[in-house]
Amino acid sequence: MAKYCTAGFLYRGVYHNLICRPTIYQSRENYRTCLKERPVFSIGDSTTTRQWFFRLSKSLQIKYSEGFTNNKAWQRFAHAYNTTLDLDVEWQPHELPFHGSPGSDRTNVKSVAYRLNRIPGNSSAIVIIHW
């Protein structure tokens with residue numbers, strides 16, 4: 001079995017992951033089919049926001065419903081959805097140190113455990129946690 005020193009490499013502008021392999025052809029329609037009726041919850045810092053929430057919302061062409069103001073960092077709940085395609089993406093900020101920072105709201109700053117407990121046990125949700 002091969003052992004890798006890195007998770008991947010960049011070659012001619014394309015990242016080649018040596019650990020994970022996509023199981024579906026990467027197209028907007030395939031992702032929409034895969035994520036249909038499967039809410040995506042991103043919990044964490046601005047890296048999660050930019051890499052998951054923005055990318056999924058943009059690539060799936062779904063609209064922002066709340067929390068999104070511009071590409072600058074913010075520390076409040078954000079939601080994007082498309083009811084016709086039944087797609088739902090959320091970004092939920094992690095708790096401290098965000099409480100008290102500009103744009104934060106104490107009623108919105110919750111622990112990861114709290115957020116996970118609010119997802120029904122029979123849910124097919126996809127959860128992304130990043131610090």
Side-chain angles (χ1 to χ4, degrees):
M1 186 166 153
K3 292 185 179 181
Y4 298 106
C5 295
T6 181
F9 61 93
L10 188 66
Y11 178 69
R12 293 187 178 182
V14 177
Y15 183 76
H16 299 271
N17 192 319
L18 299 174
I19 297 173
C20 299
R21 301 278 185 231
T23 57
I24 62 172
Y25 176 74
Q26 296 179 18
S27 73
R28 179 175 292 127
E29 289 309 313
N30 284 346
Y31 282 120
R32 284 179 172 170
T33 300
C34 178
L35 297 174
K36 185 176 182 157
E37 299 177 3
R38 297 190 72 192
V40 178
F41 300 104
S42 297
I43 305 169
D45 64 11
S46 59
T47 301
T48 302
T49 304
R50 286 176 188 69
Q51 291 181 352
W52 289 99
F53 180 77
F54 289 143
R55 181 69 184 252
L56 282 173
S57 300
K58 183 178 179 180
S59 64
L60 297 173
Q61 296 178 326
I62 58 180
K63 65 181 181 176
Y64 305 114
S65 67
E66 62 181 293
F68 178 78
T69 55
N70 54 37
N71 283 331
K72 294 181 181 177
W74 79 99
Q75 291 80 34
R76 60 179 170 260
F77 173 86
H79 183 233
Y81 69 95
N82 183 314
T83 53
T84 305
L85 299 172
D86 204 8
L87 300 171
D88 193 8
V89 181
E90 292 183 2
W91 177 66
Q92 304 169 7
H94 60 75
E95 50 189 330
L96 302 174
F98 284 150
H99 176 57
S101 62
S104 70
D105 177 359
R106 185 60 187 151
T107 62
N108 186 26
V109 180
K110 306 288 185 189
S111 70
V112 172
Y114 173 86
R115 297 195 186 282
L116 292 176
N117 282 336
R118 310 242 332 132
I119 300 171
N122 62 348
S123 174
S124 62
I126 297 169
V127 179
I128 304 160
I129 301 172
H130 184 273
W131 250 256

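Quick caveat: nothing in here was measured; it's all calculated off a predicted structure.
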Asker: If hydrophobic clusters are built by linking Ile, Leu, Val, Met, Phe, Trp and Tyr wherever their side-chain heavy atoms come under 4.5 Å apart, do F41 and L116 end up in the same one?
Answerer: yes
Asker: Check L35 against I126 and note the closest heavy-atom contact, atom names and distance.
Answerer: CD2-CD1, 3.4 Å
Asker: Can you list the residues that meet the ring pair (Phe, Tyr, Trp, His ring centres under 6.0 Å) rule with Y81, with sequence neighbours excluded?
Answerer: H79
Asker: Just so I know, are the side chains of D88 and V40 near enough to count as touching, which here means a heavy-atom distance under 4.5 Å?
Answerer: no
Asker: How long is the straight-line distance from CZ of R38 back to CG of D86, given to the nearest 0.5 Å?
Answerer: 12.5 Å
Asker: Using the six-membered ring wherever Trp is involved, compare the ring planes of H16 and F9 and label them parallel, tilted or perpendicular (cut-offs 30° and 60°).
Answerer: parallel
Asker: Would I43 end up clustered with I119 when hydrophobic side chains under 4.5 Å apart are linked, directly or stepwise?
Answerer: yes
Asker: Distance from L60 atom CG to N82 atom CG, nearest 0.5 Å?
Answerer: 9.0 Å
Asker: Of all heavy-atom pairs between F53 and A80, which one has the smallest distance, and what is that distance?
Answerer: CE1-N, 3.8 Å
Asker: Roughly how far, to the nearest 0.5 Å, is the OG atom of S42 from the CG atom of L56?
Answerer: 7.0 Å
Asker: Please identify each residue that fulfils side-chain hydrogen bond (donor to acceptor under 3.5 Å, both in side chains) with N30, with sequence neighbours left out.
Answerer: S27
Asker: Write out all pairs satisfying salt bridge (charged side-chain N to carboxylate O under 4.0 Å, His left out) with one or both partners inside residues 25-34, taking only residues at least two apart or from two chains.
Answerer: E29-R32
Asker: To the nearest 0.5 Å, what is the distance between OG1 on T83 and NZ on K63?
Answerer: 7.0 Å
